[in-house]
Amino acid sequence: MSSKRYSPAEVEPKWQKAWEEAGIAKAGEDSDRPKFYVLEMFPYPSGRIHMGHVRNYTLGDVLARYKRARGFNVLHPMGWDAFGMPAENAAMQKGVHPKKWTYENIAHMKGQLKRLGFSLDWSREFATCDPDYYRHEQAMFLDFMDAGLVERKTSLVNWDPVDQTVLANEQVIDGRGWRSGALVEKRELDQWFLKITHYAEDLLAGLDALENWPEKVKVMQRNWIGKSEGARFSFTLVDEKGDEWPGPLPVFTTRPDTLFGASFVAVSPDHPLTKKFAENDSGIAAFVRECAALGTSEEAIEKAEKKGIRLPLFAIHPFRPDVKLPVYAANFVLMTYGEGAIFGCPAHDQRDLDFARKYGLPVIPVVCPKDTPPEGCEIGDEALTDSERDDLVMINSEWMNGLTPKQAKEAAIRKLEEMGIGQRQVNYRLRDWGVSRQRYWGCPIPVIHCPECGIVKVPKEDLPVTLPEDVTFDAPGNPLDRHPTWKHVKCPQCGADAQRETDTFDTFIDSSWYYARFCSPHAEEPVDPDKAKYWMPVDQYIGGIEHAILHLLYSRFFARAMKDTGHLHLKEPFAALFTQGMVVHETYKTESGEWVEPSLVERRDGGLFHRETGERIIAGPVEKMSKSKKNVIDPEAIVEKYGADTARWFILSDSPPERDIEWTEAGVEGAWRFVQRVWRMIDDIADMAIPAERPAEFGPDALALRQAAHRALAEVTKDIEKLRFNRAIARIHELVNSMGEALREAADAPSPDMAFALREAAELLVRMFAPMMPHLAEECWRRLGKDGLVAQTPWPEPEPALLKQDTVKMAVQVNGKRRTEIEVPKDAPNEEIEKLALAQEPVQRAIGEKQVRRVIVVPGRIVNVVVG
RNA sequence: GCGGGCGUGGCGGAACUGGCAGACGCAGCGGACUUAAAAUCCGCAGGCCGCAAGGCCGUGAGGGUUCGAGUCCCUCCGCCCGUACCA
C-alpha cells in the first residue's frame, strides 16, 4: 500500500506550464473539426477572483476540456469588463489612477485564473478599457447613428445632487444615492439613447426559438419587454368655461371595453399639460415638486398613496359628448409609459378605484358576471379587473351591452377608428436604452457639439477618441468635463470652436459585443466577418442569473443592431445559456453581534468559538458570500492549501450547477481526501505487473470491474453532456469504490485478467475525471506510464458488449408492495418471469389465502402480483 | 398583486418516459491498525415495533387516476426567486 502523498503545490504548476507549451487552449479557424464556442461571462477586474468566478469558470472549463477531447475545435477565451465606477472610487479614495488600478487588478486576477488551471486561450485576451477595443465600439456607434438606431433626447433621470451625476436605478437605494447618501432627484437631461425599442417585437419573438435557454430567463425578458395590446385615442378637452382647449389629449388603454365606465382622466405630474398649469398655479407646482421628490425607489412607490390634483380642464367622453370628465394630475400615472395619460375606470382598475374613492368620483360598473343582474353588480373595495373570463358581460354600456369584454374591446376600437380619434395600438414597456454617463472611466462617446453644425460625428479616421490620463478626482462631477483642454476641439465639419461630448458610455455597451470580438480580437474592424461566421454563435454561454435581463437583453439587441449595420451575420448571439447558482456560506456572529469571518471560527466541544479571542460564536443563516457579512472564502487560500483540483472538484460536487452551493470546510476536506485516495490507488495499480497481451478470457470479478468501468464511462459522458456534473462525480465515486474493492480482494497478487481490468479501469478513470481535475489526471497519466497529455487525448468510448447485461434483477411486488427480488435472463419470456416470481417464498407468504387476480410483468423492471 | 420555481433522511442531493425511494457525498456511530493520535481501511446507518425472522409507516398536507405515484390530476399549506402604480 502506497503512502505517498499527492502534492498539488509541486504538481499543478508543472502541468500548467506543459499545457501552455503544448498550446492546448489555442484556437484557430483552420481546423476541419466541428467548432464549439464556450464562453463564461467575463469578470470585472475588482482585484481578486471570488468563489462565484471559480464556479463559473470551472463549469466552462470542464465543458471546454470535454469538448476538446470529443474532437471539437474549441474556442474558450477570457477578457475583462474593465470600465466602471469602482476604478473611479479607488481613485477618489486611494488616489490611484483608474487605469493603473484596473490593469494591476487584471494582472493579479489573470495569475489567479492561471493557477486554477483553466484552459483559456489567452492569446485572445483583451480588456474593454483597451483603446484597441473601445475604438471599435465608437466606430459601431457611428454606424448605429447612420442606421437611425441612435437618438439624442431629453429624459428624466436619477440625479445625485452631491456627486453631480446620473445614477442607474440600481444605484438608488431607498431614494438616496448609494455613495453620497443624498436624496436623489428626478431631472431632465439630454442623453444619448440606443433605440432598443426598434427591436422590441423581434427581441420578444426571438425568445421562442431559444430552446436551450432557461425558461425563467425567457419569462423575465418577456415581462421586461412587456407587450400589451389595446388602443390609443384622444380626448377633446374643454376649459372651465366650456371653450375647447387647443390640442387633443392622447391616452393609451388596454381596456377600451370599459370606456363607458370612465369617470375621470389623469395625466402624469411630468405631463406637458401639468407643467403648463404649474407655471401659473402654485398648488399644482407644489404637487409636481412633491412627486418629483418622492424618488423612484420601489419602496417609495409602494408606500405612496394615490394622490392627485385637479387641473382646470374637462375631457369630453368620446362616446357621450354630453359627459365631461374631470382631469387630474395624478402621482400614479407614469410619463414614461404609453402617453403619460389615462382615462380612469374605477370599477375595473384597482388604482383608479383607490383614486376615485379618495376623491369621491363615481364608480360605474360596466362588466358584470352573467348570472348577476346588472343592478346587483356592485363594486366594494376591490375592482373587477378580469376581462378574459367567459362568464362576463358588458352592462351600462349602451350599444356594447350584452357583449363579452373581449368582443367589446374589438367593438370599441372599431368605433374609435370610425370616429377618427383612435386606433388599435401595441405598446411595450421596454424603453430606449439611455447610455450617457457623466463618468470618466468609460468609453468616450465619439461626437462633437458644434455651435454651427450641431451634433457632428467624430470622423472614423480620428478614432479612437481616447481618454486623457491627466485627470483629477478631487471634486464631484465628471473629470472629463472639467479637464482644461480635452473637450475643446475644432468642428470636423466647419472648423469652428466646438466641444467634445464629455459623457461616456454605460459599461453595459462594452459587454454587449465582446463575445463577437473574441472571434477576431486583433482585427482592424470590430469583427472579422469570416471569423465570426466560423465561431458564432456562442454554443454554450455560462453565467449568473443576475444578468437575466440587462446584459443578456442588451447583447441580443446589439447582435441585431450589428447585423443591420453589417458587422455580424446573426441575431441571436448565445445558442445555449446556462445560469449557475451562487456560492453560499454559513454566517457567524459574536454574541455582541459582530460578523466574524469563517477562518476565525473554531469548532470544539460541540460549539463554535473565536480562534483568537475565545468568544462564543453564533452560527447564522447560510447566505451569499459577501464582504459585509464576512462569510467569504478566498479562492487563493483554498488553492494554496488544497490545490486547484480539490477546489474544482468540490465546487462541482453535490449540488447541481444551477442551484446554490454551500461552501463547507468539511466538504472541501472530503474532496481533498478523494484526491489523495485516487492518487494512492493509481499509484498502486501502476506498480502492478500487467499481462503483455489482453487476456482472452475474464473471470467474473474482472468482468464485473470492466463492466463497472465502461458503464461509468457511458454515464459520466451523458452527465457531462447535460452539465450534470454532480451526477458525473457520483458515478466516478462509484467506480473508485468498485476499483478499491477489486484491488483489496486481489491483494498484492491479482490474476492477469484482474490486473488487466484494473489497469484499464485506472486509465478510463483518469480520462473521465480529467476535465474536472486536470492536474491530477496528468500526474496519474504519467504515473501509469503514458506519454503525452491527457488534455490532448481523445475521449474514450465504452465497449458496447460491456454495457449489455445478460441478466436483470427485477423487483416482485404483491399489490404494489415490494416483497422480493428475482434475477432473470435479460430476454426471458414473461410467462417464465411470472412463474419464477410466483414461486418465491415471500411472494407466496404475502398472497396467503387470497386469489391471484392478475400478474403484471414489465420486462426488465418489475413484476406486480395483484391479489384480492 | 402578478409571473416562475421548489418542498425527498441530521445535511447537500439521486431516482430515465409512472415501475425496487434515499445512489453518491458530508456529518454521525461501531470496529481494525497504533503506546496514543492523525492519516488510512472495514462495517452500520429513513422512522417505528421486534432478540430475530419479519412487519408496519414513509417523498409538505388532503383527495383522485392507476396493477403500481416522489413523478400525472385537483384542493390546500409553506419556502425561494423575479417583478410591480405598465393604464
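These figures come from a predicted structure and were not determined experimentally. Just so you know, these numbers use all the heavy atoms, side chains as well, and skip hydrogens, waters and symmetry mates. Letters A, B, ... mirror the listed sequences (proteins, then strands); counts begin at 1.
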Please work out if [X] contacts a base, only the sugar-phosphate, or nothing of the nucleic acid, heavy-atom cut-off 4.0 Å.
| X | answer |
| --- | --- |
| Arg731(A) | base |
| Val333(A) | base |
| Glu734(A) | sugar-phosphate |
| Gly226(A) | nothing |
| Ser653(A) | nothing |
| Arg222(A) | nothing |
| Pro842(A) | nothing |
| Asn726(A) | sugar-phosphate |
| Arg819(A) | sugar-phosphate |
| Asp352(A) | nothing |
| Val858(A) | base |

- Rounded distance in Å between the P positions of G19(B) and C2(B):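 Their P atoms lie roughly 34 Å apart.
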- When the P atoms of G25(B) and C41(B) are considered, how many whole Å apart are they?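 It works out to 12 Å between them.
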What is the distance, to the nearest angstrom, from the [atom1] atom on [X] to the [atom2] atom on [N]?
| X | N | atom1 | atom2 | result |
| --- | --- | --- | --- | --- |
| Ile862(A) | C67(B) | CD1 | P | 15 Å |
| Arg861(A) | G18(B) | CZ | C1' | 10 Å |
| Asp660(A) | C79(B) | CG | P | 18 Å |

- Query: Taking the chi torsion of G9(B), is it syn (within 90° of 0) or anti (everything else)?
  - Reply: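 Syn, angle within 90° of zero.
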- Item | Whether Asp645(A) side chain and Leu776(A) backbone form a donor-acceptor pair below 3.5 Å |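 Yes; at least one donor-acceptor contact below 3.5 Å.
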- Watson-Crick or G-U wobble partner for U83(B), using a 3.5 Å limit on both distances?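 Answer to the pairing question: G1(B), which forms a Watson-Crick or G-U pair with U83(B).
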- Query: According to the Watson-Crick and G-U wobble definitions, with both distances under 3.5 Å, which nucleotide is paired to G43(B)?
  - Reply: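 By the stated definition (distances under 3.5 Å), C29(B) pairs with G43(B).
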- Message: Is it the case that the side chains of Glu834(A) and Asn830(A) hold a donor-acceptor pair, with the cut-off being a distance below 3.5 Å and no angle test?
- Response: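 Per modelled atom types, Asn830(A) and Glu834(A) side chains form no pair under 3.5 Å.
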- Message: Less than 4.0 angstrom from a charged side-chain N to a carboxylate O is my criterion; do Arg711(A) and Glu734(A) meet it?
- Response: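 Glu734(A) and Arg711(A): not salt-bridged.
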- Query: Is it true that Arg724(A) and Glu721(A) have a side-chain N and a carboxylate O under 4.0 angstrom from each other?
  - Reply: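 Answer for the salt bridge query: no.
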- Item | Closest to side chain of Arg351(A), choosing from C26(B), C85(B), G25(B) |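 Given the options C26(B), C85(B), G25(B), the side chain of Arg351(A) is closest to C85(B).
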- Query: Per the atom types in the model, does the base of C20(B) pair as donor or acceptor with the side chain of Lys809(A) at under 3.5 Å?
  - Reply: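 Per atom types, no contact qualifies.
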- Query: How long is the gap from CD1 on Ile661(A) to CG on Leu652(A), to the nearest 0.5 Å?
  - Reply: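 The CD1 atom of Ile661(A) sits 8.0 Å away from the CG atom of Leu652(A).
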